**Q** 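Quick one: structure below, then a few questions.
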Amino acid sequence: MPPQQYLHNPSAADALPFYKPVGNECTVFETAYRQRLPLLIKGPTGCGKTRFIAHMAARLGRNLHTVSCHDDLTAADLTGRYLLKGGETVWMDGPLTRAVREGSICYLDEVVEARKDVTVVLHPLTDDRRILPLERTGEILQAPDAFMLVISYNPGYQNILKSLKPSTRQRFVSISFDFPPPEIETGIIACESGLGENQCIPLVNLARQLRDLKEIDLEEVVSTRLLVYCAILIKNGLDPLQAAETALVEPLCDDHDIKQGLLELIRATYG
Ligand SMILES: Nc1ncnc2c1ncn2[C@@H]1O[C@H](COP(=O)(O)OP(=O)(O)O)[C@@H](O)[C@H]1O
Ligand SMILES: [Mg+2]
């Protein structure tokens with residue numbers, strides 16, 4: 001199955017993707033980039049990892065190749081393969097190979113999902129050799145200074161079968177992401193949705209309460225992304241209670257009683 005992939009072209013006249021820093025992550029990223037160190041970003045879904053990388057790639061003037069890893073993703077999906085084209089077999093670079101050739105940033109999202117053979121490809125790229133051997137073509141590509149490998153994973157899933165092997169993770173410098181502190185998250189939601197800050201504050205307070213509910217066992221908690229969606233619905237005329245149900249409750253759970261519990265909390269803010 002071909003990897004899902006997007007190409008962000010920073011040479012387009014668009015402004016930098018909006019990113020509000022939470023700490024010194026921009027400096028850490030830039031230093032790692034300049035020193036040719038691979039980077040691992042850990043953090044829950046919807047907390048800003050992808051946006052951060054898109055922002056940094058644009059800031060550094062690099063193309064970004066993003067691959068959303070899934071359990072069918074193999075090394076060949078990243079490196080490339082021979083394809084039949086008009087009766088001829090032609091080699092097609094995968095996104096990782098393209099990034100290495102161009103000197104771009106390659107971002108492997110949720111890398112622990114990928115097949116095991118992917119780590120074999122990453123190892124020689126993540127030590128001081130910085131090479132990508134392409135067995136099928138016989139090439140050994142030397143990554144240019146401008147190439148950077150960034151991977152992410154969500155440690156919250158606690159899936160013992162799917163955690164990063166220590167021998168892989170110790171090849172990356174790492175940053176931990178979490179949901180931004182309330183003032184910053186309020187600013188992000190206001191910017192992204194166009195909803196006034198005054199109306200974003202109760203939303204962020206509500207998110208805090210929902211995230212703190214220890215007795216409810218949800219696989220995921222309310223993310224910054226869902227708060228942005230909720231604010232967009234409110235901004236566009238939906239009643240806040242309805243917006244919160246649609247954006248903050250239904251996406252996270254199916255259980256009737258748990259949903260009622262969450263709605264009760266929401267009614268205390270918007271009822
Ligand atoms: N620090 C931030 N600055 C700007 N937008 C943010 C930030 N954090 C989260 N967001 C918003 O949350 C959404 C989800 O973030 P994303 O980067 O896709 O999450 P992740 O990759 O961690 O799952 C973004 O599309 C953006 O609207
Ligand atoms: Mg992401």
Side-chain angles (χ1 to χ4, degrees), residues 3-8 10 14-30 39-60 64-71 73 95 105-114 148-157 159 162 164 172 174-197 199-201 203-204 206-208 210-211 218-236 243-244 246-248 251-252:
Q4 224 185 317
Q5 159 195 351
Y6 317 90
L7 183 65
H8 178 79
D14 56 350
L16 291 185
F18 166 67
Y19 179 75
K20 214 176 175 56
V22 172
N24 60 351
E25 67 273 27
C26 296
T27 311
V28 172
F29 190 107
E30 186 164 349
L39 179 67
L40 160 65
I41 299 181
K42 301 181 263 184
T45 312
C47 72
K49 301 184 294 296
T50 298
R51 178 63 67 86
F52 169 61
I53 294 158
H55 171 84
M56 289 310 299
R59 224 162 108 162
L60 296 166
L64 175 62
H65 296 272
T66 298
V67 181
S68 298
C69 300
H70 51 76
D71 50 14
L73 187 109
I105 295 175
C106 186
Y107 172 38
L108 307 181
D109 196 4
E110 284 299 335
V111 70
V112 289
E113 296 294 329
M148 183 182 193
L149 180 66
V150 183
I151 63 174
S152 75
Y153 89 111
N154 180 352
Y157 288 139
N159 187 339
K162 276 193 176 165
L164 217 50
F172 293 79
S174 307
I175 314 180
S176 258
F177 270 48
D178 205 343
F179 303 115
E183 327 75 66
I184 295 181
E185 195 164 42
T186 303
I188 292 168
I189 295 162
C191 262
E192 289 282 291
S193 67
L195 189 68
E197 291 227 0
Q199 285 176 275
C200 294
I201 292 169
L203 206 49
V204 170
L206 177 62
R208 298 279 118 180
L210 293 170
R211 286 169 187 161
L218 292 174
E219 219 175 306
E220 298 267 344
V221 293
V222 172
S223 64
T224 308
R225 177 190 292 119
L226 287 175
L227 288 176
V228 170
Y229 289 170
C230 187
I232 289 173
L233 295 177
I234 297 172
K235 165 79 182 166
N236 288 281
T246 312
L248 308 183
L252 295 180

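Remember, it's a predicted structure, so these values are computed and weren't measured experimentally. Both ligands and their constituent atoms are indexed starting at 1 by order of listing.
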**Q** As a check for students: among Arg51, Glu25, His55, identify the option with a heavy atom nearest to atom 17 (O) of ligand 1.
**A**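 The nearest heavy atom belongs to Arg51.
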**Q** What is the nearest protein non-hydrogen atom to atom 3 (N) of ligand 1, stated with its residue, atom name and distance?
**A**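 Answer, as residue, atom name and distance: Lys20 N, 2.9 Å.
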**Q** In terms of atom number and element, which parts of ligand 1 are under 4.0 angstrom from non-hydrogen atoms of Glu192?
**A**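 Close to Glu192: 26 (C), 27 (O).
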**Q** Hey, are the side chains of Asp178 and Pro44 touching, using non-hydrogen atoms and a 4.5 Å cut-off?
**A**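 Asp178 vs Pro44: side chains touch.
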**Q** Using side-chain heavy atoms (C-beta onward) and a distance below 4.5 Å, is Leu252 in contact with Leu248?
**A**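 Sidechains of Leu248 and Leu252: no contact.
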**Q** Given Thr45, which of Glu219, Arg225, Glu110, Glu220 fulfils the side chain to side chain donor-acceptor pair (under 3.5 Å) condition?
**A**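 The side chain to side chain donor-acceptor pair (under 3.5 Å) with Thr45 is passed solely by Glu220 among Glu219, Arg225, Glu110, Glu220.
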**Q** What are the protein N/O/S atoms, named by residue and atom, that sit under 2.8 Å from the Mg ion (ligand 2)?
**A**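 Only Thr50 OG1 fall inside 2.8 Å of the Mg ion (ligand 2).
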**Q** Are the side chains of Pro21 and Phe52 in touch, meaning some heavy atoms are under 4.5 Å apart?
**A**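 With C-beta onward as the side chain, the pair stays apart.
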**Q** Below 3.5 Å, N or O to N or O, backbone or side chain included: is there any such pair between Cys47 and ligand 1?
**A**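 Checking ligand 1 against Cys47, an N or O pair does fall under 3.5 Å apart.
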**Q** Under 4.0 Å from a heavy atom of Pro44: which atoms of ligand 1 are those, numbered in the order shown and with their elements?
**A**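 Atoms satisfying the 4.0 Å criterion: 22 (O).
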**Q** With a 4.0 Å cut-off on N to O distance, would you call Glu183 and Lys20 a salt bridge?
**A**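 No, this pair does not count.
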**Q** Out of all atoms in ligand 1, which are within 4.0 Å of some heavy atom of Thr45? Include the element for each.
**A**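 Under 4.0 Å from Thr45, ligand 1 has these atoms: 23 (O).
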**Q** Just let me know how Thr50 lines up against ligand 1, side chain, backbone, both or neither, with a heavy-atom cut-off below 4.0 Å.
**A**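 Both parts.
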**Q** Would you mind running through ligand 1 and noting each atom that sits below 4.0 Å from a heavy atom of Phe18?
**A**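 So the answer, numbered in order with elements, is 4 (C).
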**Q** Report yes if some heavy atom in the side chain of Arg51 is under 4.5 Å from a heavy atom in the side chain of Glu192; otherwise report no.
**A**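 SC-SC contact between Arg51 and Glu192 confirmed.
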**Q** So Val221 and Phe179, do their side chains get closer than 4.5 Å, heavy atoms only?
**A**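 In short, these two side chains touch, coming nearer than 4.5 Å.
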**Q** Of all the non-hydrogen atoms in the protein, which one sits nearest to atom 19 (O) of ligand 1, and at what distance?
**A**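 For this ligand atom, the closest protein heavy atom is Gly48 N, 3.1 Å.
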**Q** How far is atom 18 (O) of ligand 1 from the closest protein heavy atom, and which atom is that?
**A**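 Nearest neighbour among protein heavy atoms for atom 18 (O) of ligand 1, to 0.1 Å: Arg225 NH2, 2.9 Å.
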**Q** Ile175 and side-chain contact (heavy atoms from CB on, under 4.5 Å): which single residue from Leu39, Leu40, Val150 fits?
**A**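 It is Leu39, the one option of Leu39, Leu40, Val150 that forms the side-chain contact (heavy atoms from CB on, under 4.5 Å) with Ile175.
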**Q** For atom 23 (O) of ligand 1, which candidate among Gly187, Gly43, Ala54, Gly46 provides the closest heavy atom?
**A**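 The nearest heavy atom belongs to Gly46.
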**Q** If you round to the nearest 0.5 Å, how far is CZ of Phe29 from NE2 of His55?
**A**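 Going from NE2 on His55 over to CZ on Phe29, the span is 10.0 Å.
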**Q** Atom 7 (C) of ligand 1: which protein heavy atom is closest, and how many Å away?
**A**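 Heavy-atom neighbour on the protein nearest atom 7 (C) of ligand 1: Ile188 CD1, 3.5 Å.
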**Q** Would a 4.5 Å heavy-atom cut-off, applied to side chains only, mark Thr50 and Tyr107 as touching?
**A**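 Sidechains of Tyr107 and Thr50: in contact.
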**Q** Any nitrogen or oxygen of Lys49, side chain or backbone, less than 3.5 Å from one on ligand 1?
**A**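 By distance alone, the answer is yes.
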**Q** Sub-3.5 Å donor-acceptor pair from the side chain of Lys235 to the main-chain atoms of Gly196, do we have one?
**A**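 Flag not set: sc Lys235 to bb Gly196 has no pair under 3.5 Å.
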**Q** Taking atom OH of Tyr229 as the centre, does the number of heavy atoms from other residues, nucleotides or ligands within less than 6.0 Å exceed 12?
**A**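 12 or below, so no.
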